[in-house]
Amino acid sequence: MPPKFDPTKPEVAALIKEFEAFGLSTNSATELVRTPKAGNAFRTLVDENSLAGKSFENSQANALVKLSALGAKLSPDARKYVLDRIVAGDLKSPDQVAAGVKYLEKNPSLPVDTAAFDKASGVGVNVTTADLPALLKAHAATLSSPPKSWSDQGPFLGGIKNSDSDLKWAPTADLKAAVDAFFTELFGSREAASKAKAEAAAASKAKAAKEPKKKVAAPKATETTYDASTSNSPYIPTRIFQEGFLSEFHKVGGNPQINPKLKEEHLKWTKGMVYTRFPPEPNGYLHIGHVKAIMIDFGYAKFHNGRTYLRFDDTNPEAEEGKYFQSILETVRWLGFEPWKVTYSSDNFDKLYALAVDLTKRGGAYVCFCDAEKIKADRGGGKGNPVPCEHRDRPIEDNLRDLEKMKNGEYQEGKACLRMKMDLSSGNPYMWDTVAYRVKNAPHHRTGDKWKIYPTYDFTHCLCDSFENITHSLCTTEFVSARQSYEWLCDAVEVYKPRQYEFARLNLQGTFLSKRKVRRLVEQNLVKSWDDPRLYTIIALRRRGIPPGALLAFVSELGVTTLLSETQLQKFESTVRRYLEDTAPRLMMVLKPIKLIIDNVPDDYKVPVQVPLHPKVPAMGSIETMFTKEVYIDADDFRTEDSPDYFRLAPGKSVGLFKAPYPVTCTSFKTDSNGNVTEIHCNLDNEGEFKKPKAYVQWVQAPGAVHVDEVRYFHPLFKHDPPPKDFESDVNPSSIEVFTGAVVEPAFYDLAKKEITAARTEAHTRTLKAATENEVANDEAKPADHVPEAHGDEPVVTADQLVGMENIRFQAMRLAYFAVDSDSKLSCLDEAAEAKPGKRPGDKIVLNRIVSLKEDAGKKA
Ligand code: ATP
Ligand code: MG
C-alpha cells in the first residue's frame, strides 16, 4: 500500500515527480498518487511494459493512464496492442483509448482487425476547431429530433459522444465551446434564454396563484390513456408513434425494390397492412432493454392496425433451451402484446438453402476453404483494403458441387464455408464477402440432425424478414452498418426487400442487463433465481410487482431516437411511482407494530369506517375497516419523549388515526426488560370540542389484523455504482431486508380476491380474443388439429400465464407500494375455494416493496 496521502511528504512528492516525468500534468500526477488503486494500476502498466524512464507527450501520458484504468478488461496481448498504438501516437486521447478497449472487449479474437479497431476508436480522425461548426450543423441535420432549446444541450452533447460522427473525437473542451456557439446561433444567448424561461415560470406561477381553486392537472408527461381503476391491465402508449422518429417511416409498399413485380406482390400479400416482427434469440430471459424493442415492434404495428410476428431467431443450434421459448412468449403477452404468429427462423432452413444455391448459381456466392485466420487476413487483416480470396472466382459448377458437399456433411467444421460475393471496394466491412453458411456439427432442437450447415445471422435475418413480408424491420443501432448487406442480399436473389430502421438501445445506469453476467450471478447463487426481484430481467420486474403498463410508460417517456444514452434508475423508479400513484389501491399496513389500547372505551367498542380504495378514483370502490379498542400503530410513530419539532404520538400528546372519528392522546406506555415499548395506552378524545390533530398516522385494527409473514425491501444488488469488473464480490449481502411481524388491515383479502378475479377476467378475455384473431397455437381455444406441425417445444398460450400473485398491488399508506410475492400462498384465491376471504392453514403472505413513496425515502431506506 502506498503511504497515506500527504503531498508535502518527501516520498509522496517524489512519487508525484516520477509520474510527472512520464508527461503527466502535476494535477494528474497528484491525482494518481492520491488514489492508490489508480496509481497502482498505472505502476503495473509501467512495470509490465518497461516504460520506466520514458517520457511521452501529455496526451499520450493521459491515454496511458486511461489504459491502466481500463486495461484489466483485456487479455495481456490485447492490452499490449493498445499500448503500442498509444506509443505509436495513433491513440491520442483517453476517449480514444476507452473506445479502443471497448472494441477489443467485444472483439477479443486476435490478431486485431486494425481497420475496425481504428474506426471504433477514431484513429486517423483529425478534427480541428475550424471544422467544428460545419460538422455540428451536419450532425444536427441527421437527428430525428434536433435540439429545440438550450435545455437540449446536455442530451445533444451526450448524443455526439454516442454517435458515429467524427465530432466525438474532438477535444472535449473545444467541442463544448463549439456547441455553445452553435446553440447561441440557434437560440440566442444562454443568459437571455434562461432569463426568459425564469420569467415565463414566474408568470405562470403568478397566474396559478390567482386561480388557486383550479384542479391540479394530470401527472406530467404521462399519457392517461390507461385504465386508472387497476394497475393490471396494460395500456399501450401511442404518442411515440404519432410524433418523432417512429412517425417518419415509409408507407407500406413505399420501400424501393429491385424489381417492380416484387412491390406488387408485397402489396397484394400485405393488402397495405403493416407487418413487423420481434426477433429474439432464444438463449436467455428477456430484460428491460427488450421492453423497448417489444414496444416498438408490436406497438408500431398495433398503432397502424397491423400485425407482428414473434420470430425466434434460432439459427445457432448450441445456445437454445426450451424454457426460453416459453418465457419469451409469456413475457411478450404479459406486456400486453399478442403475436399474430409465432415463427422460427429454423423453419425456413430449406428455403434459405434453396436461396443459397440460387445465389451461387447467379455467381453471387462461392465456397471458401480458407481457415478463419486467412479469411480475416484477406479481409484486410484489420487494416482495411480487403483482397479477393483465392476461391472467389472459381467456376459456378464447382461452388454448387461443394455447397452440396458441405450440406452433406463432407466437410469438417472450419474447413469450408459459403461466402457471399459482395463488394470489396466498399468502405463497409459488411460488404467484404460476408459468410453465409458455415459447417456446424451440432443437432438443432427443431431440425434434429438434418443439417450439418447453418446459415449466419447476416444471411438469415433479411431473408426471413422478406419471407414474412415485413414492412418495417426495426432493430437497434448496432445494425446500422449491416443494413447495406441486408439490402444487397435481398436484391441479389431478387426477393422482396424490407426496409430496416434502427433505434438506440436502452441502457440503465448502475445495473447490467447482459445475460452472460446475470447467468454468473444465478449460477453462483448470488441471487435466488432469474426472477430475483433485485434483477432487471422482465420476469424479475414482474415478480417485484412493476406493472406492465409502468414499463411501457417508462420506455415511451424516454422516447425513441437514434441517440444512445444511459438512463438513471431513479428515472425508472419515479415513472413506476407515478404510475402506481394513479392506479394502486390504498390500504393501511403497519411494518413494526405496537399495540395501542384505548382505555376510555368499552371492550366491545367498534366503529365501522368506510375508506375509499383510492381518493381520486371512485371507480375503485371502498372498503370497510373497523375502529376498535385495540389497534396497532408503527413503532416509528411513537416516542417515549416528546420534542417541539415532533408531531406524532408521545406521552401527553395526541395524534390522528386516519379516518378514525377522533384523535387519541397518549396517557402511558409499557416497556419490556430491554426498554422496548410493548404497549401504548391512550384516551379517545371524544369529549369536548373536536381539535384537529397536527398529524395523522396509519393503524390496523388488532382483532382480525392480517399477519404478514415477510415484507421484503430490495436495495441495490451491488455495493458500487457501477459495479466493478469482478461484480460477484461486490454483491451487497444486505440488498434484501426482511421485516417479519407486519400487519395489514383485513380488507387485504377482499382486495386480493378482487385483483386476482379482475386479472383472470382480463386474461381470459384477451387470450380468447387473441385466439380468434391470431394464428398462435392456443391451448384454450384451438382444436388440436389447428396447431401447426409440432416439434415438441412450441410454447403454449394460456390465460393463466398472465395472472400471478404480483397482480395484488397496493399502496400501504405512508409506507410504500407493495405487491404479493410468488412465494406466497393464499388458498382463498383458488378458483375452487369458497368465496370467503381469509387465512387458511399453510397459507403464507410475502410482500415485496415495489418502490418507495418518495425518492428521498427510497435513498434512506
Ligand atoms: P442481450 O445480448 O443484451 O441479451 P440481444 O441483442 O442478444 O440482447 P436478442 O434476443 O437478440 O437480444 O434481441 C431481440 C431484439 O431486442 C433485437 O432486435 C435487439 O436489437 C433488441 N434489444 C436487445 N437489447 C436491447 C436493448 N437494451 N434496448 C433495446 N432493444 C434491445
Ligand atoms: Mg444476442
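Both counts, for ligands and for their atoms, begin at 1 and track the order of listing. Residue numbers count from 1 along this sequence.
Each of the following atoms of ligand 1 lies closer than 4.0 Å to a heavy atom of T476: 19 (C), 20 (O), 29 (C), 30 (N), 31 (C). Each of the atoms 16 (O), 21 (C), 30 (N) of ligand 1 lies under 4.0 Å from some heavy atom of A293. Numbered from 1 in the order shown, with element, the atoms of ligand 1 that lie under 4.0 Å from a heavy atom of F278 read 14 (C), 15 (C), 16 (O).
For the pair R277 and Y275, the cation does not sit on the ring face, since its NZ or CZ is not both under 6.0 Å from the ring centre and inside 45° of the axis.
Within the 4.0 Å heavy-atom shell around ligand 1 one finds H287.
Residue E281 holds the heavy atom nearest to atom 10 (O) of ligand 1 of all those in K517, E281, R277.
Here R379 does not pair with D113 in a salt bridge; the nearest charged N to carboxylate O distance is not below 4.0 Å. Of the charged side-chain nitrogens involved, at least one lies within less than 4.0 Å of a carboxylate oxygen, so that D347 and R446 count as a salt-bridged pair. Residues R578 and E557 are paired through a salt bridge, judged by an N-O separation under 4.0 Å between the basic side chain and the carboxylate.
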What verdict does the salt bridge (charged side-chain N to carboxylate O under 4.0 Å, His left out) test give for E468 and K341, after you've listed the backbone C-alpha separation in whole Å, the side-chain angles of each residue and the deciding distance to 0.1 Å?
CA-CA 10 Å; E468 292 177 353; K341 256 188 189 188; over 6 Å; no

I would like to know whether F467 and L355 meet side-chain contact (heavy atoms from CB on, under 4.5 Å); could you show each step before the answer?
CA-CA 11 Å; F467 300 153; L355 282 179; 3.7 Å; yes

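Backbone and side-chain nitrogen or oxygen atoms of K515 are examined, and one is located within less than 3.5 angstrom of a nitrogen or oxygen of ligand 1. The N/O atoms of K292, backbone and side chain alike, include none that comes under 3.5 Å of an N/O atom in ligand 1. In terms of polar-atom proximity, S514 is not counted as a contact of ligand 1, lacking any N or O under 3.5 Å from an N or O of the ligand. Residue L506 has at least one nitrogen or oxygen atom sitting less than 3.5 Å from a nitrogen or oxygen atom of ligand 1, judged on distance alone. Geometrically, ligand 1 and F479 share no nitrogen or oxygen pair separated by less than 3.5 Å.
Within 6.0 Å of NZ in K119 there are 12 or fewer heavy atoms belonging to other residues, nucleotides or ligands.
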